[in-house]
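All remarks here apply to the structure that follows.
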There are 2 protein chains.
Amino acid sequence: MTTIQDVAKLAGVSKGTVSSVFSKKRPISKEVTERVLTIAKELGYYPNHVARSLAIKKTMIVGLRMPLSKDSSMSGFEIQMISGVVKECSKQGYRVLLDSLPELDDVTQFSMDPVDGVIMLNPRKHDSRIARYKQTGTPLVLVGRPDLLHEEISYVDNNNKELAYEVGQYLLETGHTSLLFLNAASDMTVAQDRESGLTEAFRQKGLSLSPDTVMNYSRQHHTNASDYGYESIIHTYGKLPYTAVITDTDRVALGVLRAARELGLDIPDKLAVIALSNDATLAQETTPSLTSVELSAEVLGAEAAKILLEIMQDPTKVHQRIVDAKLVFRESC
Amino acid sequence: MTTIQDVAKLAGVSKGTVSSVFSKKRPISKEVTERVLTIAKELGYYPNHVARSLAIKKTMIVGLRMPLSKDSSMSGFEIQMISGVVKECSKQGYRVLLDSLPELDDVTQFSMDPVDGVIMLNPRKHDSRIARYKQTGTPLVLVGRPDLLHEEISYVDNNNKELAYEVGQYLLETGHTSLLFLNAASDMTVAQDRESGLTEAFRQKGLSLSPDTVMNYSRQHHTNASDYGYESIIHTYGKLPYTAVITDTDRVALGVLRAARELGLDIPDKLAVIALSNDATLAQETTPSLTSVELSAEVLGAEAAKILLEIMQDPTKVHQRIVDAKLVFRESC
DNA sequence: CTGAAAGCGCTTACAG
DNA sequence: CTGAAAGCGCTTACAG
């Protein structure tokens, strides 16, 4: 590998001069600049990023830590999140280091990563790494509802509760006093947030959300998201008096549409359908197109990145931002 | 930031000793080890990855370069690819640096990235970076058909031509001598590969693939993938005598299914449908479920990572591997 | 406009 | 088992 030293020697100048030619941090005469550049090209010299980082104590890299279960791939949400982070970072000249290495509790293994800041996905409660980042002064932004103990930590999250509330309110006002809610798996915080938002909407109308109209996705019972939607309708339609169904994702709604078609139910006349997220960005591609919440995991990621980059400028700042996902009305309701 | 020096001083040992305690590269007495670890913990010391990388000339990071168009997000394919790369790398203790910074033709800006090797997505022809990587001796693996000039470069790709050939052969043998091919955009190499594979299948049966039965996706003419499928059927059914349709992706097939439903065409009896890729992993969630090629972008990514990690061990190696995607038969044909 | 030298925080022969 | 010192390839005051 050719180094700055090699170039300096051949060009008959000092390392500092070569450095300046590349960094442009101090003016170098045109003549010398050209000579250095020519030699550099001849030698195939490119500045060493690592050495530079050590010297200036900056890497221009943002770390993105995410749990990667060994078998499962990334979810649509995670993926869009990443996309948002990457876009925003590259816009500001930063790169993204994907870090899904298994967590090592062995302190010996934890190193100060080559990053200027970190975005953490789905932090577990009492995650030991959060404390470590604080300790080392590494700027940190969480995506998702943070541990309650860390009030002083920056994070972004969706307004899940409010969204469910809004959807509930809309349906109630348009006369759908009885509905079916195909929620996410019960152990997800987002499922809880949504149920409580929906419950609130009912309460405000002097009604109550019947527990047997709220289902939860379960890996054991459903082969895939679409089937979850399909089966749920097939098994309950006629038995429960709902006129609208709220689904966890667009995929679930795909199954609901299928069941409706099979049962000859016109959508939205006989059955209104609203998806609480649009993971696979199918909402526009179904027939009829789907009213859905555009969760914009991507916006969430971009927002997290923006906040992180701000914090990196001024580490005393703490930003806690709720990203308003928006309900987009389409043909299904 | 506390450094190895701080720890050494307080523990009353040399930097080398502290280093050894953490790296375990040479034996340190139990007593000293404990003392150092205690001090390190007290001080919140974690080894600096950048400094370490400079010293050992390794970063344990793999670079993943991909073109990121400014507005568009990552495609399903890219995403699955990334997922595959990340999984394989983390399995072997490597991290992944996502690099979607705009390409700078300015040599001044190109730096030796903090990576031990690079995976490059969708390399353009005559990509100047390929030459640079060669020049600097950075191990490189391409995903996608490489520039013909670089025969000595490692890469992975799908057997796109063969897949199309297989699909064509299957349809011809089951009596579908006339079909509609909703191919990808014409400027993509994959579109060319597929068309040539399909053409070959026809030729072998003594038939020829009529040009007007091959369509290409176009951003200008189609609002989205599903519509591309829908419109194409609506506009051509009855005019062209096809009994089967081959689509670029599962999304396109979604539109085809919709059109078929509208036209009252039974699938697969009146119309067989096969998707050449399953980007959004919808194939199982449609009705009827979709016969599709499981492109396994994820396998492609994992394979690329494996090869890269091998090459990094022995830079003289060159691996060129074709990942066989497989045709999965479901209800739509 | 340019050079000499110290420094960034580690690792690693070499010596003991 | 441990230390002193050189080295990894840059950057950056300081001096001129």
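Throughout, a chain's letter reflects where its sequence line sits, starting with A, and its residues are numbered from 1.
The separation between A:K58 atom NZ and D:dC10 atom P is 19 Å, rounded to whole Å. In this entry the distance linking CZ of A:R52 with C1' of C:dG7 reads 16 Å, nearest Å. Rounded to a whole Å, the CD1 atom of B:I4 is 18 Å from the P atom of C:dG7. At whole-Å resolution of the value, CE in B:M1 and P in C:dG7 are 16 Å apart. Atom CD in B:Q5 sits about 12 Å away from atom P in C:dG7, given to the nearest Å. Per the geometry, CZ belonging to B:F22 stands 10 Å off P belonging to C:dT11, to the nearest Å. For the pair A:D113 CG and C:dC10 C1', the computed distance is 15 Å after rounding to whole Å. Protein atom NZ of A:K24 is 19 Å distant from nucleotide atom C1' of D:dT12, rounded to whole Å.
In the set C:dC8, D:dT11, D:dT12, D:dT12 carries the atom at the smallest distance from any side-chain atom of A:K25. Nearest to the side chain of A:L54, among D:dT12, C:dG9, D:dC10, sits C:dG9.
Within the 4.5 Å cutoff, the side chain of B:L309 has heavy atoms near those of the B:V62 side chain. With a 4.5 Å cut-off on side-chain heavy atoms, B:V85 and B:M81 count as touching.
Listed by chain and residue number, nothing satisfies the side-chain hydrogen bond (donor to acceptor under 3.5 Å, both in side chains) test with B:S29 (two or more places apart in sequence, or in another chain). Checked against side-chain hydrogen bond (donor to acceptor under 3.5 Å, both in side chains), B:E42 has no partners two or more places apart in sequence or in another chain. Residues satisfying the salt bridge (Lys or Arg N to Asp or Glu O under 4.0 Å) criterion with A:D116, sequence neighbours excluded, are absent altogether. Listed by chain and number, the residues in a side-chain hydrogen bond (donor to acceptor under 3.5 Å, both in side chains) with B:Q92 are B:E88 (sequence neighbours excluded). Residues forming a side-chain hydrogen bond (donor to acceptor under 3.5 Å, both in side chains) with B:S20 (at least two apart in sequence, or on another chain): B:R26.
For residues 1-15 of chain A, the set of pairs meeting the side-chain hydrogen bond (donor to acceptor under 3.5 Å, both in side chains) definition, not counting sequence neighbours, comprises A:S14-A:T17. Within the structure, salt bridge (charged side-chain N to carboxylate O under 4.0 Å, His left out) pairs that include any residue of residues 303-318 of chain A comprise A:E303-A:K306, A:E303-A:R321 (at least two apart or interchain).
Under 4.0 angstrom from either OP1 or OP2 of D:dG9 there lies at least one side-chain N or O belonging to B:K57. Applying the 4.0 Å criterion to OP1 and OP2 of C:dC10, one finds that B:Y45 has a side-chain N or O inside that range.
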With Watson-Crick and G-U wobble geometry limited to distances under 3.5 Å, how should the secondary structure of DNA chain D be encoded in dot-bracket form, using | for bases paired to another strand and [ ] for crossing pairs?
|||.||||||||.|||
Interface polar pairs with nucleotides 1-5 of chain C, N/O, under 3.5 angstrom:
{"from": "C:dT2", "atom 1": "OP1", "to": "A:S29", "atom 2": "OG", "distance (Å)": "2.8"}
{"from": "C:dT2", "atom 1": "OP2", "to": "A:S29", "atom 2": "N", "distance (Å)": "2.7"}
{"from": "C:dG3", "atom 1": "OP2", "to": "A:S14", "atom 2": "N", "distance (Å)": "3.1"}
{"from": "C:dG3", "atom 1": "OP2", "to": "A:S14", "atom 2": "OG", "distance (Å)": "3.3"}
{"from": "C:dG3", "atom 1": "OP2", "to": "A:T17", "atom 2": "OG1", "distance (Å)": "2.4"}
{"from": "C:dG3", "atom 1": "N7", "to": "A:R26", "atom 2": "NH2", "distance (Å)": "3.3"}
{"from": "C:dG3", "atom 1": "O6", "to": "A:R26", "atom 2": "NH1", "distance (Å)": "2.5"}

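Rounded to whole Å, the separation between the C1' atoms of C:dT12 and C:dG16 comes to 16 Å.
Residue B:I56 is classed as a sugar-phosphate contact, given heavy-atom separations below 4.0 Å to backbone atoms only.
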